[in-house]
Structures are given as C-alpha cells and as structure tokens.
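Worksheet: one structure, shown below.
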Amino acid sequence: MRADALPVDLVRELGELGCFGSTLEGYGCAGLNNVAYGLLCQELERGDSGIRSFVSVQSSLVMYPIYTFGSEAQKDRWLPAMARGEKIGCFGLTEHDYGSNPSGMTTRARKDGGSYVLNGAKMWITNGSIADVAIVWARTDEGIRGFLVEKGTPGFTTNDVKGKFSMRTSVTSELVFEECRIPEENLLPKTDGLKSPLLCLDQARYGIAWGAIGAAMDCYDAALRFAQKRVQFSRPIGGYQMVQRKLVDMVNEITKAQLLCLQLGRLKDLNRLKHTQVSMAKMNNVHMALQIARLARDVLGAAGITDEYPVIRHMCNLESVSTYEGTYDIHALIIGRDITGLDAFE
Ligand SMILES: Cc1cc2nc3c(=O)[nH]c(=O)nc-3n(C[C@H](O)[C@H](O)[C@H](O)COP(=O)(O)OP(=O)(O)OC[C@H]3O[C@@H](n4cnc5c(N)ncnc54)[C@H](O)[C@@H]3O)c2cc1C
C-alpha cells in the first residue's frame with residue numbers, strides 16, 4: 001500500500017483461486033452462486049478495497065459484458081484467459097465531463113467500411129493502463145454501444161492518475177482515443193443503448209455492497225483489539241461505556257448490512273433482484289462502512305492516523321468506493337424515483 005502500486009503477482013493467484021468471473025458458467029469460470037460471490041468480495045475488501053475493485057472490474061465490468069453482450073468468438077478469446085488472470089480488462093464509461101450522468105458522453109465511434117473509428121476520452125478508469133483490453137462505451141449512429149479496444153491499438157493511449165490518497169493498490173487511468181481504428185468484430189454485438197453499461201454497473205454494485213462490509217469488519221476488528229489493550233485512566237478503554245457503545249454500534253451495523261446483502265444474494269440467485277434494491281445496499285453499506293472507519297479511527301486515537309493500523313487506509317479507500325458506481329445521493333435519487341414515481345434527475 002505504501003508503494004502506491006497494484007501487487008500484480010496477486011492477479012494470477014486470484015485467477016487460480018477462481019475469483020474472476022466467478023458467477024459465470026463455463027469458459028473456465030467457477031459458477032458460484034451470488035451469496036458465495038458476495039462473501040468473496042467481503043473477504044477481499046477486508047484486505048483492501050483496491051484488490052476487491054480489481055476483481056469487481058475484471059468480473060462484473062469486463063467478463064460479464066463479454067459474456068452477456070459478446071459474440072461466441074469474443075467469449076472464447078477473452079473469458080478463459082481472464083478467468084485465469086492471464087489477461088486484464090478495464091471498463092471505460094466515465095468521462096471528464098460526464099460522471100454521474102454518463103448519458104451525456106461525447107466519445108464517438110464512427111463507422112468506416114469494416115471498422116469503427118473512436119475519438120474521445122474516458123477518465124478515472126480502474127486498471128486502465130495495465131489492461132489488455134478495454135470495454136469502451138461510445139456514441140454511434142445507432143446509439144450507445146460497447147467496443148473491445150485492445151492494448152497497443154494505434155490511436156489508443158493511457159495516462160495514470162497520480163497523487164491518489166485513496167485506492168493506492170489500484171491503477172486509475174485516463175483512456176484517450178484519437179482516430180483509433182478498431183475492427184467491426186470488436187463491437188459487442190448485443191449492446192443496445194445506455195441500459196447495457198448500466199446492467200454491468202448493477203452487477204458491480206452488488207459486489208461493492210458486500211465488499212464494503214469487509215472493510216468495515218477489518219476496522220471494527222482493529223478498534224476492538226485496540227480498545228481491549230489500550231489503558232487510559234488505569235483501565236482498558238474498552239471498559240468505558242462510551243467506547244463500548246461505539247463498538248456495539250459497529251457490530252450492529254455490520255450485522256444489518258450482512259443480512260441485507262444475504263437477502264439480496266438469495267433474490268439474485270432467483271433472478272428476482274431489482275436494481276433499486278442494489279442501489280439501497282450500495283448506498284447503505286458504503287455509508288455504513290465509512291462511518292465505522294471514522295468511529296474506529298477515533299477509538300484508535302493518534303495511532304489511528306498511521307498505516308500501522310489498517311483503519312485510515314480503509315477510510316481513504318472507502319471515499320472512492322462511496323463515489324464510484326453512483327454516489328450516495330445518486331442512489332437516493334434512483335430509490336426516490338422508484339418510491340415516489342417522480343423523477344428528480346430531469
Ligand atoms: C478510484 C476510482 C475508480 C473508478 N473506476 C472507474 C472505472 O473503472 N470505470 C468508469 O467508467 N468510471 C470509474 N470511476 C468513475 C466514477 O464512476 C465517477 O467518479 C462517479 O460516477 C462520479 O462521477 P464524477 O466523479 O464525475 O462526479 P460528479 O458526477 O461530477 O458528481 C459530483 C457531486 O455532484 C453530485 N451530483 C451529481 N449529479 C447530481 C444530481 N442530479 N443531484 C444531486 N447531486 C448530484 C454527486 O453526488 C457528487 O457528490 C472511478 C472513480 C474512482 C474515484
């Protein structure tokens with residue numbers, strides 16, 4: 001984490017463990033149910049949000065769209081290698097001027113004979129510069145479509161975001177396309193408008209809702225151990241009622257978030273999960289995890305600001321988790337529209 005770099009050696013290991021595309025059937029994927037996949041995200045993010053983000057992007061934002069919208073040739077080419085961690089993917093939807101509102105995107109793909117020519121830029125893209133393939137969402141004459149853009153394609157360059165105090169184990173990049181010509185076969189044939197990338201985000205948000213619980217668990221665990229040992233006024237601080245209240249609030253909120261995710265996972269396995277329910281879990285659980293990280297930081301006193309303990313790292317990471325894949329307020333608007341029937345976005 002101090003190195004501000006992705007531990008790349010983990011990628012193959014995660015592949016060997018079956019962590020990539022783990023709910024997909026065939027193509028070398030593990031075929032897990034959604035609760036098992038959620039627990040996997042929880043445990044990965046108990047380590048670090050950046051590692052869980054890597055798995056979420058590879059699985060939900062790259063393998064899932066290839067599996068769902070791709071041709072058989074595209075699936076055969078990419079899915080087994082990605083499941084093994086031999087190939088890395090990224091997902092380019094956000095642009096400099098279009099984050100919460102991707103429908104305004106300006107990246108364009110112009111049809112030209114047997115190719116498409118891409119122009120535009122994507123911003124804040126996880127795995128951007130290390131990806132072998134980027135799924136890029138662009139405007140075409142037939143609406144928004146998804147394209148597979150391979151590393152090294154002329155006209156495709158990347159620039160990494162430097163100076164991050166959050167997600168230091170994750171690579172975040174800008175993707176730039178200048179007259180970037182890609183063959184027609186690299187269009188994801190079943191993509192159809194903005195609903196296609198939104199479907200991918202829904203998959204990823206489900207994993208995020210579980211993952212945030214893991215970060216909260218690690219913060220709670222650090223605070224509990226510290227409170228049992230740290231003596232002030234001749235007693236361990238864990239023996240004071242106000243500290244106990246903080247620890248109890250943490251364990252209560254973690255348990256409630258787990259129950260919410262468990263139920264959503266069961267509904268997802270039955271194909272009955274609604275996107276608004278995923279929004280509820282993403283906004284609730286990430287908010288909960290951030291509050292727990294801040295409470296745990298407080299319990300640790302001055303020690304909580306160093307990386308000797310994992311808490312401040314989780315806290316900074318969770319600021320990114322809170323912003324990406326829809327902020328708290330954007331998910332509130334999605335749920336608000338559902339329950340009132342009135343759209344506050346327009
Ligand atoms: C570490 C990291 C990794 C990322 N990885 C990826 C990736 O792999 N692929 C990708 O495509 N994107 C990625 N993103 C981008 C992420 O999805 C966007 O940052 C997110 O959608 C928010 O967009 P924005 O940053 O432009 O903020 P904005 O959309 O500009 O929002 C700024 C603020 O305005 C508020 N706001 C916006 N609209 C409204 C409204 N209508 N009502 C009320 N409040 C509103 C928001 O809630 C927020 O508080 C990543 C971001 C980070 C930080």
Verify whether one side chain among Y324 and T126 offers a donor that lies under 3.5 Å from an acceptor in the other.
-> no
Indicate yes or no for a side-chain donor-acceptor contact from Q74 to the backbone of L187 under 3.5 Å, with no hydrogens or angles considered.
-> yes
Around Y240, counting heavy atoms of other residues, nucleotides and ligands shown, do more than 12 lie under 6.0 Å from its OH?
-> yes
side-chain contact (heavy atoms from CB on, under 4.5 Å) with N34: of L270, T23, L267, only one passes, and it is T23
Answer yes or no: does atom NZ of K268 have more than 12 heavy-atom neighbours from other residues, nucleotides or ligands under 6.0 Å?
-> yes
For the side chain of H331 and the backbone of G326, is there at least one donor-acceptor N/O pair under 3.5 Å apart?
-> yes
Indicate yes or no for a side-chain donor-acceptor contact from T306 to the backbone of A303 under 3.5 Å, with no hydrogens or angles considered.
-> yes
Aromatic ring pairing H287/Y328, orientation class (parallel under 30°, perpendicular over 60°, tilted between) | tilted
Under the salt bridge (Lys or Arg N to Asp or Glu O under 4.0 Å) test, residues paired with D9 that sit two or more places apart = none
Does Y98 OH have over 12 foreign heavy atoms under 6.0 Å away?
-> no
Measure from NZ or CZ of K151 to the centre of the six-membered ring of F156, then state whether that distance is under 6.0 Å and the direction lies within 45° of the axis.
-> no
Quick one: does K122's side chain have a donor or acceptor within less than 3.5 Å of a partner on W137's backbone?
-> yes
Just by distance, do the side chain of N127 and the backbone of C90 share a donor-acceptor pair under 3.5 Å?
-> no
Aromatic contact, F54 with F20 (centres under 6.0 Å) | yes
Please walk me through it: do E45 and I208 pass side-chain contact (heavy atoms from CB on, under 4.5 Å)?
-> CA-CA 9 Å; E45 195 150 351; I208 293 169; 5.7 Å; no
Basic-acidic side-chain contact under 4.0 Å: D298, R294 | no
State whether the side chain of N159 and the backbone N or O of E174 hold a donor-acceptor pair below 3.5 Å, judged by distance alone.
-> no
Got a salt bridge between K274 and D202, using NZ or NE/NH1/NH2 to carboxylate O under 4.0 Å?
-> no
When the ring planes of Y206 and Y37 are compared, do they come out parallel, tilted or perpendicular, using 30° and 60° as the limits?
-> parallel
Is a salt bridge present between R337 and D343, judged by a nitrogen-to-oxygen distance below 4.0 Å?
-> yes
Count the heavy atoms belonging to other residues, nucleotides or ligands that lie under 6.0 Å from CE of M280, then report whether that count exceeds 12.
-> no
Check for a donor-acceptor pair, side chain of D160 on one end and backbone N or O of S173 on the other, with a separation under 3.5 Å.
-> no
Donor-acceptor contact present, side-chain T191 to main-chain L188, <3.5 Å | yes
Check the surroundings of atom CD1 in I305: do more than 12 heavy atoms from other residues, nucleotides or ligands lie under 6.0 Å from it?
-> no
Side chain E178, main chain P154, donor-acceptor under 3.5 Å = no
Group every Ile, Leu, Val, Met, Phe, Trp and Tyr by side-chain heavy-atom contacts under 4.5 Å, then state whether I135 and L198 land in the same group.
-> yes
Residues E150, R77: salt bridge by 4.0 Å N-O rule = yes
Would you say W124 has more than 12 foreign heavy atoms packed within less than 6.0 Å of its CH2?
-> no
